[in-house]
Visitor: 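Here's a structure for you.
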Amino acid sequence: MFNYKSNKFDYIKWEDIRRGHIIRLEKDLEVPADILVLYSSNISGLVFVDTMALDGETNLKEKMAVCESFDEKNIHALNGDMIVDSPNELLDYWEGSIQSTSVNQKAPCSIKNLLLRGSFVRNTKYMLGVVVYTGKDTKIFRNLKKPPHKVSNVMKRMN
């Protein structure tokens, strides 16, 4: 998480991550919350994500950084507003927009800009993003269904 007092990133526990925090994730780390990608170390602005734990697919997904003109050296001056959908269970749909006075732009956002909790950053040295949903509000957590109650055949006959 970015610490505005020291102007550098500090390591924090998952449980301490809150909405609006700016997070730096490095290669092969698990995504701790639903995060909007602001910057990628790749020149193309792409972040490659492994979602095998979420959907079983082994191919990497491409996620795109929202701010093409974002300069990571000026992260301490980053401020603005983020308007997003309310938390829901739809894994393939999400909309929002960010408006930042520091980069003078209003950018629409889609599911192509959102990293989902439980996925892994791959083939990308590091990325910067802002936390959108945490804990029970993440798309994966809202998508969980209770398992059906199993009853053996013997128990069925007894009843």
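Note that the coordinates shown come from a computational prediction; the quantities given were computed from them, not determined experimentally. The first residue of the sequence shown is numbered 1, and numbering continues consecutively from there.
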Visitor: Could you measure the distance from the CE atom of M52 to the CG atom of L60? Nearest 0.5 Å is fine.
Guide: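 Rounded to the nearest 0.5 Å, the CE-CG separation comes out at 11.0 Å.
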Visitor: Just how far is it from atom CG of L115 to atom NZ of K63, taken to the nearest 0.5 Å?
Guide: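 If I round to the nearest 0.5 Å, the distance is 7.0 Å.
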Visitor: Between N88 and K139, do the side chains contain an N or O donor and an N or O acceptor separated by less than 3.5 Å?
Guide: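 Yes, side-chain donor-acceptor contact under 3.5 Å.
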Visitor: Using modelled atom types only, decide if a donor and an acceptor are shared between the side chain of T138 and the backbone of D34 within a distance under 3.5 Å.
Guide: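 Side chain of T138 to backbone of D34, a donor-acceptor pair under 3.5 Å: no, none is there.
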Visitor: Answer yes or no: is there a donor N or O on one side and an acceptor on the other, between the side chain of T51 and the main chain of L54, under 3.5 Å?
Guide: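 Flag not set: sc T51 to bb L54 has no pair under 3.5 Å.
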Visitor: For the pair V130 and H21, evaluate side-chain contact (heavy atoms from CB on, under 4.5 Å) and give the outcome as yes or no after the intermediate values.
Guide: CA-CA 6 Å; V130 61; H21 281 174; over 6 Å; no
Visitor: One pair to check against side-chain contact (heavy atoms from CB on, under 4.5 Å): V47 and V121. What are the steps and the verdict?
Guide: CA-CA 7 Å; V47 176; V121 176; 4.2 Å; yes
Visitor: Between R122 and F48, is NZ or CZ placed under 6.0 angstrom from the six-membered ring centre and within 45° of the ring axis?
Guide: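 Checked: cation-pi criterion not met.
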Visitor: Got a second to check how far T124's OG1 is from K27's NZ, nearest 0.5 Å?
Guide: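 Rounded to the nearest 0.5 Å, the OG1-NZ separation comes out at 8.5 Å.
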Visitor: Can L91 be reached from L36 by stepping across I, L, V, M, F, W or Y side chains whose heavy atoms are under 4.5 Å apart?
Guide: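 Yes, one cluster joins them.
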Visitor: Among the clusters formed by ILVMFWY side chains lying less than 4.5 Å apart, do I140 and L90 turn up in the same one?
Guide: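 Not linked; separate clusters.
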Visitor: Less than 4.0 angstrom from a charged side-chain N to a carboxylate O is my criterion; do D55 and K61 meet it?
Guide: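 Here D55 pairs with K61 in a salt bridge, since their nearest N and O are under 4.0 Å apart.
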Visitor: How are the rings of W94 and Y133 set to each other: parallel, tilted or perpendicular (split at 30° and 60°)?
Guide: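 Rings of W94 and Y133: perpendicular, over 60°.
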Visitor: Is there a side-chain contact between R117 and P32, using heavy atoms and a 4.5 Å cut-off?
Guide: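 The answer is no, as the side chains (C-beta and beyond) never meet within the 4.5 Å cut-off.
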Visitor: How long is the span from the CG atom in L128 to the CG atom in L25, to the nearest 0.5 Å?
Guide: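 Reported value, rounded in 0.5 Å steps: 9.0 Å.
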Visitor: Test your reading of the model: is there a side-chain donor-acceptor pair from S40 to the backbone of A65, 3.5 Å cut-off?
Guide: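 Not a single qualifying donor-acceptor pair exists.
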Visitor: Check for a donor-acceptor pair, side chain of D50 on one end and backbone N or O of F120 on the other, with a separation under 3.5 Å.
Guide: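 Not a single qualifying donor-acceptor pair exists.
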Visitor: Say you draw a straight line from CG of D81 to CD1 of I83; how long is it, rounded to the nearest 0.5 Å?
Guide: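 Between atom CG of D81 and atom CD1 of I83 there are 6.5 Å.
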Visitor: Do I22 and Y126 belong together in a cluster built from hydrophobic side chains that touch within less than 4.5 Å?
Guide: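 Yes, one cluster joins them.
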Visitor: When rounded to the nearest 0.5 angstrom, what distance separates NZ in K112 from CD in E62?
Guide: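 Going from NZ on K112 over to CD on E62, the span is 6.0 Å.
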Visitor: Under the side-chain contact (heavy atoms from CB on, under 4.5 Å) criterion, do I98 and C109 qualify, and how do the steps go?
Guide: CA-CA 7 Å; I98 59 169; C109 308; 4.3 Å; yes
Visitor: R19 vs D137, test: side-chain contact (heavy atoms from CB on, under 4.5 Å). Steps then yes/no.
Guide: CA-CA 10 Å; R19 287 184 211 158; D137 288 338; 2.5 Å; yes
